[in-house]
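Shown next, in structure tokens, is the structure this report addresses.
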There are 2 protein chains.
Amino acid sequence: MSAEDMPLSAKEIYYKIKDNNPHLKLSTIYRNLNVFEKNNIVRKLNINNVTESYFELIKENHHHHLICISCGHIQDIECPFDDYLDKLEKKNNYEVTDHRLTVYGICHQCKKDDK
Amino acid sequence: MSAEDMPLSAKEIYYKIKDNNPHLKLSTIYRNLNVFEKNNIVRKLNINNVTESYFELIKENHHHHLICISCGHIQDIECPFDDYLDKLEKKNNYEVTDHRLTVYGICHQCKKDDK
DNA sequence: CTCGATGCAAAAGATTTGCACCCGA
DNA sequence: TCGGGTGCAAATCTTTTGCATCGAG
């Protein structure tokens, strides 16, 4: 798996790899992705109204996603939370382990194209 | 569908309804949920590491979710965003249409039970 | 009777799994 | 030779769909 910018679905990875590894099957990709996920190398993302899962390399910098509902483009956004999660944790008597923020919208390009 | 507190999966709805409506099939439930979703009566949720979709009634108050990864309990949390999304919109030249925040953790009860 | 809702069974699509095989250490 | 990784095919699970039927108006 290369240092891809954008998260990819298993099938996208499959087609991307196909040329160089014509024999690599989709099941193998899923198998490896699962191993990677268990070892915190990739993270699985679920996107609204999209049936397949997407996978992204876990980078050093914690971030979230801004997704164009028109073209499907995904970009990273900074985590806006400072002490919010600590407060939430205390307020609800939870031990917070993870959080996901996903913002959906229409990107600049798609706004233009739509006109 | 009753005024359920917690989001339910199609199957959970199915079993919940079964006693009173023994003939109602899962496919019908999916069909109705899809209609409800199109008409903004229910919202479909994707939860990390959970394969089925969950459905919640759309309430007046905009909110997000705090989910216990141990027992699966889901509770509403307030939306912490004030002008953040406006800024994000401008900064990225997006037209923001939706956003989801999901916080995962271990609830008080599960923390206790684990000991 | 007519139309929309539902039952029913099969299809579709994503993901997983069992088993056999192959290849490198 | 051994063990892990992969191919392959089938299974599994969720969700959707086509078609026939049922029932309220």
Side-chain angles (χ1 to χ4, degrees), chain A residues 1-4 6-58 65 67-74 98 100 102 104, chain B residues 1-4 6-58 65 67-74 98 100 102 104:
Chain A
M1 184 179 296
S2 68
E4 255 304 324
M6 206 167 114
L8 298 171
S9 70
K11 222 179 254 175
E12 285 171 347
I13 295 170
Y14 176 65
Y15 287 123
K16 207 172 244 284
I17 290 181
K18 211 185 185 107
D19 289 341
N20 296 326
N21 306 61
H23 291 296
L24 206 63
K25 306 303 283 186
L26 194 53
S27 57
T28 304
I29 291 174
Y30 275 113
R31 247 186 304 229
N32 289 332
L33 284 171
N34 285 336
V35 173
F36 291 165
E37 200 194 2
K38 271 200 194 90
N39 292 86
N40 293 310
I41 297 169
V42 304
R43 178 184 297 117
K44 195 196 286 187
L45 309 178
N46 289 107
I47 299 173
N48 275 4
N49 304 314
V50 173
T51 52
E52 323 100 286
S53 295
Y54 276 72
F55 299 85
E56 71 169 353
L57 277 175
I58 293 179
H65 295 107
I67 302 179
C68 177
I69 57 176
S70 172
C71 68
H73 183 264
I74 304 172
D98 193 12
R100 307 266 178 122
T102 312
Y104 298 90
Chain B
M1 184 179 297
S2 69
E4 254 306 323
M6 206 166 112
L8 297 172
S9 71
K11 220 178 258 175
E12 285 171 347
I13 295 170
Y14 177 65
Y15 288 122
K16 207 172 244 282
I17 291 180
K18 212 183 183 109
D19 287 343
N20 296 325
N21 306 62
H23 291 297
L24 206 62
K25 305 305 283 185
L26 195 51
S27 57
T28 304
I29 291 174
Y30 275 112
R31 244 183 309 227
N32 289 333
L33 285 171
N34 286 336
V35 174
F36 291 165
E37 199 193 2
K38 272 202 192 86
N39 291 86
N40 293 309
I41 298 169
V42 303
R43 178 184 295 119
K44 195 195 287 187
L45 309 179
N46 290 107
I47 300 173
N48 275 6
N49 304 313
V50 173
T51 53
E52 324 100 287
S53 296
Y54 276 72
F55 299 85
E56 72 168 354
L57 277 176
I58 293 180
H65 295 106
I67 302 179
C68 178
I69 56 176
S70 172
C71 68
H73 183 263
I74 304 172
D98 194 12
R100 306 267 178 121
T102 313
Y104 298 91

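Computed over heavy atoms, backbone and side chain alike; hydrogens, waters and symmetry mates excluded. Chain naming here is simple, since letters A, B, ... match the order of the sequence lines and numbering starts at 1 in each. None of the values given here were measured: they were computed from a predicted structure.
The list of salt bridge (Lys or Arg N to Asp or Glu O under 4.0 Å) pairs with a residue in residues 33-47 of chain A, not counting sequence neighbours, reads R43(A)-E56(A).
Close to dC8(C), at under 4.0 Å from its OP1 or OP2, lies a side-chain N or O of K25(B). Note on N32(B): a side-chain N or O is less than 4.0 Å away from OP1 or OP2 of dT6(C).
We find the OG1-CG distance between T51(B) and N46(A) to be 10.0 Å, quoted to the nearest 0.5 Å. Going from atom CG of N48(A) over to atom CD1 of I69(A) covers 9.5 Å, rounded to the nearest 0.5 Å.
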What does the list of N/O pairs under 3.5 Å between the protein and nucleotides 22-25 of chain C look like, with a distance for each?
none

Taking only N/O atoms, report every protein-nucleotides 14-18 of chain C pair under 3.5 Å with atom names and distance.
residue: dA14(C); atom: OP2; partner: K11(A); partner atom: NZ; Å: 2.5
residue: dT15(C); atom: OP1; partner: S53(A); partner atom: N; Å: 3.0
residue: dT15(C); atom: OP1; partner: S53(A); partner atom: OG; Å: 3.1
residue: dT15(C); atom: OP2; partner: Y30(A); partner atom: OH; Å: 2.0
residue: dT15(C); atom: O5'; partner: Y30(A); partner atom: OH; Å: 3.2
residue: dT16(C); atom: OP2; partner: N34(A); partner atom: ND2; Å: 3.0
residue: dG18(C); atom: O6; partner: R31(A); partner atom: NH1; Å: 3.2

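Rounded to an integer number of Å, the gap from F36(A) CZ to dG5(D) C1' is 12 Å. L33(B) has its CG atom 9 Å from the P atom of dT16(D), to the nearest Å. Taking atom OH of residue Y14(B) and atom C1' of nucleotide dC13(D), one finds them 15 Å apart after rounding to whole Å.
Of the candidates I47(A), T102(A), L8(A), I47(A) is the only one forming a side chain to side chain contact (heavy atoms under 4.5 Å, CB included) with I74(A).
Partners of I29(A) under the side chain to side chain contact (heavy atoms under 4.5 Å, CB included) rule, at least two apart in sequence or in another chain, are A10(A), I13(A), Y14(A), L24(A), L33(A). Partners of S9(B) according to the side chain to side chain contact (heavy atoms under 4.5 Å, CB included) rule, which considers only residues two or more places apart in sequence or in another chain, are K11(B), E12(B), E52(B), Y54(B). Listed by chain and residue number, V35(B), I41(B) satisfy the side chain to side chain contact (heavy atoms under 4.5 Å, CB included) test with N39(B) (two or more places apart in sequence, or in another chain).
Between M6(B) and G72(B), the closest heavy-atom pair is CE-O, 3.7 Å.
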